[in-house]
Peer 1: 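Sharing a structure here in structure tokens format.
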Amino acid sequence: MCARFAGASEMANLMVTERERYNARDVEARWQKVWDEKDVFKTSNEDPREKYYVLEMFPYPSGRIHMGHVRNYAMGDVVARYKRARGFNVLHPMGWDAFGMPAENAAMQNNVHPKDWTYENIAFMRGQLKIMGLSLDWSREFATCDVEYYTQQQRLFLKFLEAGLVYRKKSKVNWDPVDMTVLANEQVIDGRGWRSGALVEQRELTQWFFKITDYSEDLLEAIDTLDRWPEKVRLMQKNWIGKSEGLRVRFEFTAPAPTGDKTLEIFTTRPDTLFGASFMGLSPDHPISVKLAESNPDLAVFIEDCRRIGTSAEAIETAEKKGMDTGLRVKHPLDASIELPVYVANFILMDYGTGAIFACPAHDQRDLDFARKYGLPVKPVVLPKDADAATFDVADIAYTDDGTIFNSGFLDGLSIAEAKETVAKKLEAVIIDGSAQASRQVNYRLRDWGISRQRYWGCPIPVIHCDDCGVVPEKDENLPVKLPDDINFDKPGNPLDRHATWRHCACPKCGKPARRETDTMDTFVDSSWYFARFTAPHADQPTEPAAANGWLAVDQYIGGIEHAILHLLYSRFFTRAMQKVGALNLKEPFKGLFTQGMVTHETYKSTEGKWLSPTEIQFIEGDTRSAIEVATGAPVTIGSIEKMSKSKKNTVDPTDIIETYGADTARWFVLSDSPPERDVIWTEEGVQGSWRFVQRVWRLVGEVAATPKRSTEAPQMGDAALELRRATHKTLAAVSRDIEGLGFNRAVARIYELVNQIGKTVHNGLGDADTAWAAREACDYLVMMMAPMMPHLAEECWTELGHSGLVAEASWPALDESLLVEDSIVLPVQVNGKKKGEITVARDASTADVEAATVAQEFVQRALEGRAPRKIIVVPQRIVNVVG
RNA sequence: GCCCCUGUGGCGGAAUUGGUAGACGCGACGGAUUCAAAAUCCGUUUCCUGUGAGGGAGUGCCCGUUCGAGUCGGGCCAGGGGCACCA
């Protein structure tokens with residue numbers, strides 16, 4: 001509880017001791033028990049109704065849930081409960097993304113076993129989720145570290161291996177020599193390991209890869225079918241896959257390279273600028289560079305330097321363009337009289353294209369930087385639209401925009417596109433050494449997915465290394481390859497490597513002693529297919545294809561934008577791969593995707609500059625802009641609003657909030673204040689507003705419930721009663737539409753409006769039978785409409801209103817369309833586009849009648865200042881505009 | 001550098017997709033109730049001007065399209081995000 005409202009906790013307690021107050025804590029526990037005992041949210045695979053699969057990204061069991069989880073799961077729960085009320089057979093499961101580094105860090109720091117740490121966290125967090133009152137089918141729960149789950153993952157791996165979707169290759173990695181582990185690029189900070197602080201080395205390791213690039217084109221193309229995904233995410237995925245079309249061109253060496261190659265093959269997207277070529281560039285890792293280095297110590301040193309620089313973003317940004325002349329020369333493919341030097345250059349990547357380029361400094365910034373440094377020629381060949389060919393030159397900025405080709409012989413005068421095509425056609429027809437000099441090629445930025453991790457707490461890769469047979473897959477009947485429990489973390493590195501017995505086994509092929517693979521799988525593998533596993537969580541195969549095909553795709557997937565690329569792309573790949581091995585039969589796992597915003601909070605700092613949590617500060621009475629530190633009384637600096645994080649201490653614990661105000665209040669608040677895709681600012685005032693609303697609804701429902709139960713037939717309605725009925729049904733139409741479109745904040749606002757209207761009616765008295773009838777209908781509808789967001793309060797009110805059965809099992813209320821249209825309507829009247837007043841006319845009034853009514857208005861005459869209207873535009877049932 | 005998104009009161013945000021800008025909530029202010037407080041209820045709250053009815057301006061800035069623009073188009077400015085030696 002926030003110290004700013006140190007009194008609030010006691011306040012809330014005081015409130016609940018008053019008899020008529022709504023006691024969230026007791027009520028919520030009671031209804032949760034009822035739902036549980038009746039198995040209300042258990043879902044059957046055999047239900048004949050239309051299916052709806054709603055899923056929130058499952059949590060990592062870090063120890064406690066945070067407000068981000070609350071927001072995410074509240075949203076999913078609204079959808080699940082709404083769709084259930086709409087008659088769908090709803091699958092809404094929950095599980096745990098339970099493998100990963102933090103468990104091992106905890107093991108090293110606190111001497112607990114990763115398994116114990118993980119399962120204890122899961123038990124605690126499950127309890128936290130349960131008090132949120134989520135409509136989850138807990139019978140389908142699993143953790144990815146459950147042996148049952150990772151057994152099936154190993155089975156999938158072996159099927160992928162058999163299907164040619166898995167391979168091993170040597171690859172460069174960031175290696176932390178102290179922790180003895182591979183680091184992801186994000187874990188390298190200023191060239192040092194994020195944990196150990198040791199200088200990171202580039203190492204070549206043999207690693208396992210998934211062939212995601214087999215699906216580059218398919219993954220790219222199918223993005224266009226994902227029309228219920230945010231445009232932003234689709235764009236990010238497109239950019240990540242990074243398709244570029246170009247030409248592979250082979251340049252003839254003047255004398256064969258030391259590797260024996262007669263030609264140097266490069267990839268370019270700008271064949272139109274070939275006449276601007278000034279030199280060739282090789283990656284330091286190119287086979288020719290490597291071969292040359294064997295007999296050239298200077299080059300060997302240079303290549304070693306390049307490798308040390310690493311792959312982090314900072315390193316790349318600050319690195320100067322550097323290179324070394326190899327002494328090799330090639331012939332220009334379009335003009336054999338031109339010879340070009342071949343350099344090894346530090347900015348060329350081995351794993352894109354062919355690891356070699358031709359450089360055109362005038363039209364590529366990197367090439368230009370390099371050319372200026374080494375005094376190489378810069379020859380412009382693309383002329384900007386209004387430039388003069390005689391004087392146009394490039395200084396320090398390469399010209400990369402559109403223009404006309406010049407200085408290029410037979411290409412002169414062509415557009416860039418025409419020149420590309422002309423060059424391609426010409427070089428495709430030239431045969432060197434038995435094959436075409438050039439071929440069109442599509443290149444992707446997307447790389448294969450390296451899944452090897454030198455870690456203990458992950459899914460073991462089920463293969464065996466045999467001296468005689470090489471790499472041998474484990475036999476299916478020998479699965480699972482279980483993680484050993486008896487490990488220790490007293491030394492850095494992978495405990496599986498050091499285990500006394502675990503890695504020793506018999507070769508599945510020849511039976512001789514062999515060694516297990518000790519690498520485990522990237523945890524992204526675990527989360528790439530869990531959504532499929534939920535459809536048959538206890539199957540003895542990875543999936544039950546009938547169940548998977550019946551439930552998938554996920555109709556609505558909800559989670560953070562931070563997974564916009566990797567998790568979602570891997571899952572899309574996995575679904576395709578699983579289709580290939582017959583585990584299911586579809587390509588796209590998530591039909592609808594929604595990425596919710598973060599939960600943010602003000603930050604606070606002490607006079608010494610230390611971060612302070614909201615519980616450590618107290619606001620000065622009546623002032624929300626100044627506060628003091630509780631412990632010292634010193635003034636507090638109130639900082640910017642940021643994502644809740646442990647490091648900035650600006651977190652609010654969901655459990656504290658739920659204990660004080662109840663889960664419904666917490667859920668209502670995170671749904672109400674901001675559009676769900678944007679960040680929401682957590683404020684104590686806001687939560688109290690939600691809490692006030694809960695009490696208000698409870699009071700109003702209580703007053704209405706004291707009136708006699710309404711008959712099925714509506715009585716003759718008076719004006720006030722009819723107005724309330726109209727409001728009720730309009731709200732129903734709007735809330736339905738808003739929830740369908742995930743506009744929870746709008747749905748909340750509509751519900752507030754209805755409650756205000758009910759309040760007004762109650763305030764004016766419920767004496768008339770028709771008013772009481774309308775008020776009861778309004779409350780029945782209100783309770784149903786708020787049930788997806790505040791399920792406990794809804795159940796309690798439902799009972800109070802005299803209904804038997806559960807709201808959780810009730811159908812969405814019926815809409816009376818006739819109440820949405822009114823006989824007379826208010827039309828705004830503009831004069832020359834500015835609103836001057838309004839008129840009330842019959843709904844079906846003719847244009848002529850509306851015009852007549854308009855010109856008769858005194859305010860219209862006044863605004864026209866005596867002139868006659870030149871034109872009157874009547875938009876039926878919308879607006880009138882008088883042009884004068 | 002490339003790609004994308006967002007700019008509306010003191011604050012979070014609505015606006016039927018070109019038709020009454022500011023719904024709803026928070027905060028603030030005034031009042032009722034109370035011995036007093038809490039809670040609750042009733043008001044006011046975009047800005048300027050006016051005692052008032054009213055009048056004028058207004059959705060980051062400029063220009064345009066339109067009877068009519070927060071919404072569409074063009075050009076700026078500011079903030080945020082993604083990718084980044086990708087040839």
Side-chain angles (χ1 to χ4, degrees), chain A residues 7 11 14-15 18 21 230-233 235-240 242-244 246 266-270 273 281 283 311 313 315-317 319 321 345-349 351-360 363-367 369-370 397-398 400 443-447 561 564-565 622 624 641 669 672-675 677-681 683-690 692-693 695-696 699 733-734 737 743 745-753 755-756 759 763 826-838 859 862 870-875 877-884:
Chain A
M11 193 178 85
L14 262 179
M15 286 168 186
E18 268 179 58
R21 286 258 139 187
E231 187 54 37
K232 187 184 178 179
V233 175
L235 251 161
M236 282 163 73
Q237 293 225 344
K238 275 187 189 169
N239 291 340
W240 187 262
K243 182 179 182 173
S244 59
I266 60 97
F267 174 74
T268 180
T269 55
R270 294 297 302 273
T273 63
S283 163
T311 55
I316 286 161
E317 206 158 311
K321 305 281 172 286
N346 65 346
F347 63 91
I348 299 161
L349 306 173
D351 51 3
Y352 186 81
T354 62
I357 61 158
F358 92 82
C360 175
H363 305 293
D364 183 289
Q365 192 60 44
R366 294 155 303 173
D367 298 349
D369 293 347
F370 192 91
I397 314 264
T400 54
N443 249 302
Y444 299 90
R445 214 187 67 96
L446 185 67
R447 307 289 156 75
I561 187 76
I565 297 172
T624 57
I641 292 164
F669 176 65
S672 67
D673 228 35
S674 292
E677 68 277 12
R678 284 207 216 163
D679 291 353
V680 65
I681 305 168
T683 63
E684 193 59 38
E685 293 84 354
V687 181
Q688 289 187 336
S690 297
R692 270 200 299 275
F693 179 70
Q695 295 298 343
R696 182 144 183 253
R699 258 195 325 274
R737 199 178 52 230
N745 60 318
R746 283 178 305 203
V748 163
R750 300 286 92 84
I751 291 173
Y752 269 114
E753 280 179 305
V755 168
N756 289 343
H763 188 78
V826 176
L827 282 185
V829 176
Q830 299 179 329
V831 175
N832 293 328
K834 290 196 189 297
K835 189 195 163 193
K836 292 293 172 184
E838 41 193 38
F859 68 81
R862 187 152 33 92
R870 265 194 287 156
K871 197 175 171 190
I872 300 178
I873 291 142
V874 177
V875 185
Q877 298 179 54
R878 271 280 153 75
I879 201 165
V880 184
N881 192 11
V882 181
V883 188

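To find a chain, count down the sequence lines: A is the first, B the second, and so on, and within it residues start at 1. Here the structure is a predicted model, which is why all the values come from computation and not from measurement.
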Peer 1: With a 4.5 Å cut-off on side-chain heavy atoms, are A/Asp369 and A/Phe347 touching?
Peer 2: no
Peer 1: Contact class for A/Thr683 (heavy atom, under 4.0 Å): base, sugar-phosphate, or nothing?
Peer 2: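 Since no nucleic acid heavy atom lies under 4.0 Å of A/Thr683, the category is nothing.
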Peer 1: Reckon A/Glu753 touches a base, only the sugar-phosphate, or nothing at all at heavy-atom distances under 4.0 Å?
Peer 2: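 Result for A/Glu753 = sugar-phosphate.
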Peer 1: Given B/rG13, B/rC83, B/rA23, identify the nucleotide with an atom nearest to the side chain of A/Arg750.
Peer 2: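 Of all the options, the side chain of A/Arg750 is nearest to B/rA23.
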Peer 1: When you compare B/rC67 with B/rC42, how far apart are their P atoms, in angstrom units rounded to a whole number?
Peer 2: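 One P to the other, the span is 46 Å.
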Peer 1: Measure from the side-chain heavy atoms of A/Asn239 and tell me the nearest of B/rA14, B/rC3, B/rG56.
Peer 2: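 My answer, after comparing the listed nucleotides, is B/rC3.
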Peer 1: Look at the side chain of A/His763 and decide which nucleotide, out of B/rC85, B/rC67, B/rC41, has an atom nearest to it.
Peer 2: B/rC41
Peer 1: Rounded off to whole Å, could you give me the OH-to-C1' distance for the A/Tyr752 and B/rC26 pair?
Peer 2: 9 Å
Peer 1: Which value, in whole Å, describes the distance between the C1' atoms of nucleotides B/rC4 and B/rA87?
Peer 2: 24 Å
Peer 1: Taking the side chain of A/Ala749 as heavy atoms from C-beta outward, which of B/rA87, B/rC24, B/rC83 is closest to it?
Peer 2: B/rC24
Peer 1: Where each residue is assigned the nucleotide of RNA chain B containing its nearest heavy atom, which of A/Lys232 and A/Ser690 is assigned the position nearer the 5′ end?
Peer 2: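 Here A/Ser690 is the residue nearer the 5' end.
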Peer 1: In terms of side-chain heavy atoms of A/Glu685, which of B/rG27, B/rA21, B/rA14 is nearest?
Peer 2: B/rG27
Peer 1: Hey, is the side chain of A/Lys238 pairing donor to acceptor with the base of B/rC3 inside 3.5 Å?
Peer 2: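 Checked by distance alone, the answer is no.
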Peer 1: Tell me which nucleotide among B/rG12, B/rC67, B/rU20 gets nearest to the side chain of A/Pro828.
Peer 2: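 Nearest to the side-chain atoms of A/Pro828, counting from C-beta on, is B/rU20.
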Peer 1: Please state how far atom CD in A/Gln688 lies from atom P in B/rG27, giving the value in whole angstrom units.
Peer 2: 8 Å
Peer 1: Does B/rU16 have its OP1 or OP2 closer than 4.0 Å to a side-chain nitrogen or oxygen of A/Arg746?
Peer 2: no
Peer 1: Since syn is defined as within 90° of 0, does B/rU17 count as syn or as anti?
Peer 2: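 In terms of base orientation relative to the sugar, B/rU17 is syn.
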Peer 1: For A/Arg878 and A/Gly689, take the nucleotide of RNA chain B holding the closest heavy atom to each; which residue's nucleotide lies nearer the 5' end?
Peer 2: A/Arg878
Peer 1: With respect to the phosphate group of B/rA87, does any side-chain polar atom (N or O) of A/Tyr352 fall under 4.0 Å of OP1 or OP2?
Peer 2: yes
Peer 1: Hey, are A/Arg696 and A/Asn756 close enough side-chain-wise for a donor-acceptor pair under 3.5 Å?
Peer 2: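 A/Asn756 vs A/Arg696: donor-acceptor pair found between side chains.
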Peer 1: Using atom P in both nucleotides, what's the gap between B/rC41 and B/rC61 to the nearest angstrom?
Peer 2: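 That atom pair is separated by 39 Å.
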Peer 1: Under 4.0 Å, heavy atoms only, any strand: does A/Asn756 hit a base, just the sugar-phosphate, or nothing?
Peer 2: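 Answer is sugar-phosphate: A/Asn756 comes under 4.0 Å of backbone atoms only.
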Peer 1: Please give the distance between the C1' atoms of B/rG68 and B/rU20 as a whole number of Å.
Peer 2: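 About 12 Å, rounded to a whole number of Å.
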Peer 1: Say whether, by atom type as modelled, one donor and one acceptor occur between the side chain of A/Asp367 and the main chain of A/Cys360 under 3.5 angstrom.
Peer 2: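 Such a contact is found between A/Asp367 side chain and A/Cys360 backbone.
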Peer 1: So, is A/Lys834 close to the B/rG19 phosphate, meaning a side-chain N or O under 4.0 Å from OP1 or OP2?
Peer 2: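 Checking A/Lys834 against B/rG19: no side-chain N or O falls below 4.0 Å of OP1 or OP2.
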Peer 1: Base, sugar-phosphate alone, or nothing: which one does A/Arg447 contact when heavy atoms must sit under 4.0 Å apart?
Peer 2: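 Base, at least one base heavy atom under 4.0 Å.
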Peer 1: Look at the side chain of A/Lys321 and decide which nucleotide, out of B/rA87, B/rC85, B/rU17, has an atom nearest to it.
Peer 2: B/rC85
Peer 1: Using the C1' atom on both, measure B/rA57 against B/rU8 and round to a whole Å.
Peer 2: 15 Å
Peer 1: Which whole-number value in Å describes the distance from A/Gln877 CD to B/rU20 P?
Peer 2: 14 Å
Peer 1: Can you tell me whether the side chain of A/Arg692 and the base of B/rC26 have a donor-acceptor pair closer than 3.5 Å?
Peer 2: no
Peer 1: If you look at every strand shown and take non-hydrogen atoms under 4.0 Å, does A/Lys243 touch a base, only sugar-phosphate, or nothing?
Peer 2: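 Contact class for A/Lys243: none.
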Peer 1: Starting at NZ of A/Lys835 and ending at C1' of B/rA21, how long is that distance when rounded to a whole Å?
Peer 2: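 Value for this atom pair: 10 Å.
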Peer 1: What is the nucleic acid contact for A/Val875, judged by heavy atoms within less than 4.0 Å: base, sugar-phosphate only, or nothing?
Peer 2: base
Peer 1: Got A/Leu446 and A/Gln237 here, is their nearest side-chain heavy-atom distance under 4.5 Å?
Peer 2: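 Of all side-chain heavy-atom pairs linking A/Gln237 with A/Leu446, none is under 4.5 Å.
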Peer 1: So, is A/Arg366 close to the B/rC86 phosphate, meaning a side-chain N or O under 4.0 Å from OP1 or OP2?
Peer 2: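 Affirmative; the distance criterion is met.
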Peer 1: Say we look at B/rC5 and B/rC72: how far apart would their P atoms be, to the nearest angstrom?
Peer 2: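 Roughly 12 Å separates the two P atoms.
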Peer 1: Mind checking A/Ile873 for me? I need base, sugar-phosphate or nothing, with any heavy atom below 4.0 Å counting as a touch.
Peer 2: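 Contact class for A/Ile873: base.
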Peer 1: Is there a side-chain contact between A/Lys243 and A/Arg445 in this structure, where contact means two heavy atoms from C-beta onward sitting under 4.5 Å apart?
Peer 2: no
Peer 1: Please say whether more than 12 non-hydrogen atoms of neighbouring residues, nucleotides or ligands are located less than 6.0 Å from CZ in A/Arg447.
Peer 2: yes
Peer 1: Side-chain N or O of A/Arg445 versus OP1/OP2 of B/rA84: is the shortest distance under 4.0 Å?
Peer 2: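 True: A/Arg445 side-chain N/O within range (under 4.0 Å) of B/rA84 OP1/OP2.
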Peer 1: Measuring only between side-chain heavy atoms, which start at C-beta, is A/Asp364 closer than 4.5 Å to A/Ile357?
Peer 2: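 A/Asp364 does not reach A/Ile357 side chain to side chain.
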Peer 1: Please confirm whether any donor atom in the side chain of A/Asn881 sits under 3.5 Å from an acceptor in the base of B/rC67, or the reverse.
Peer 2: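 Check passes, donor-acceptor contact within cut-off.
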Peer 1: According to a strict under-4.0 Å criterion, is A/Asn745 in side-chain N/O contact with OP1 or OP2 of B/rA14?
Peer 2: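 Checking A/Asn745 against B/rA14: at least one side-chain N or O falls below 4.0 Å of OP1 or OP2.
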Peer 1: Using a 4.0 Å heavy-atom cut-off across all strands, classify A/Ser674 as base, sugar-phosphate, or nothing.
Peer 2: sugar-phosphate
Peer 1: Given the rule that a pair is Watson-Crick or G-U wobble with both distances under 3.5 Å, how would you write RNA chain B in dot-bracket, using | for pairs to a different strand?
Peer 2: (((((((..(((......[....)))((((((.......))))))((((....))))..(((((..]....))))))))))))....
Peer 1: Counting only N and O atoms by type, is there a donor-acceptor contact under 3.5 Å from the side chain of A/Asn881 to the main-chain atoms of A/Gly833?
Peer 2: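 The answer is yes, because a donor-acceptor pair under 3.5 Å joins these two groups.
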Peer 1: Calculate the interatomic distance between A/Leu827 atom CG and B/rU16 atom P; express it in whole Å.
Peer 2: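 Distance, rounded to whole Å: 18 Å.
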Peer 1: When the C1' atoms of B/rG27 and B/rG13 are considered, how many whole Å apart are they?
Peer 2: 14 Å
Peer 1: Rounded to the Å, how far apart are A/Phe693 CZ and B/rU40 P?
Peer 2: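 Result: 13 Å.
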Peer 1: Figure out the CG/P separation between A/Asp364 and B/rC2, and round it to whole Å.
Peer 2: 13 Å
Peer 1: Expressed in angstrom and rounded to an integer, what is the separation of A/Arg678 atom CZ from B/rU6 atom P?
Peer 2: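 Result: 8 Å.
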Peer 1: Mind checking A/Phe267 for me? I need base, sugar-phosphate or nothing, with any heavy atom below 4.0 Å counting as a touch.
Peer 2: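 Result for A/Phe267 = base.
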Peer 1: Could you tell me whether the side chain of A/Ser283 and the main chain of A/Ile348 form a donor-acceptor pair under 3.5 Å?
Peer 2: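 Checked: pair present.
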Peer 1: Look at all strands and tell whether A/Gly353 reaches a base, only sugar-phosphate, or nothing, counting heavy atoms closer than 4.0 Å.
Peer 2: nothing
Peer 1: Classify the nucleic acid contact of A/Ile266 as base, sugar-phosphate or nothing, counting any heavy atom under 4.0 Å across all strands shown.
Peer 2: nothing
Peer 1: What nucleotide among B/rC41, B/rC3, B/rU20 has an atom nearest to a side-chain atom of A/Glu838?
Peer 2: B/rU20
Peer 1: For B/rG55, does the glycosidic angle fall within 90° of 0 (syn) or outside that (anti)?
Peer 2: anti
Peer 1: Please state the C1' separation for the pair B/rG12 and B/rU16 - nearest whole angstrom.
Peer 2: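 That atom pair is separated by 22 Å.
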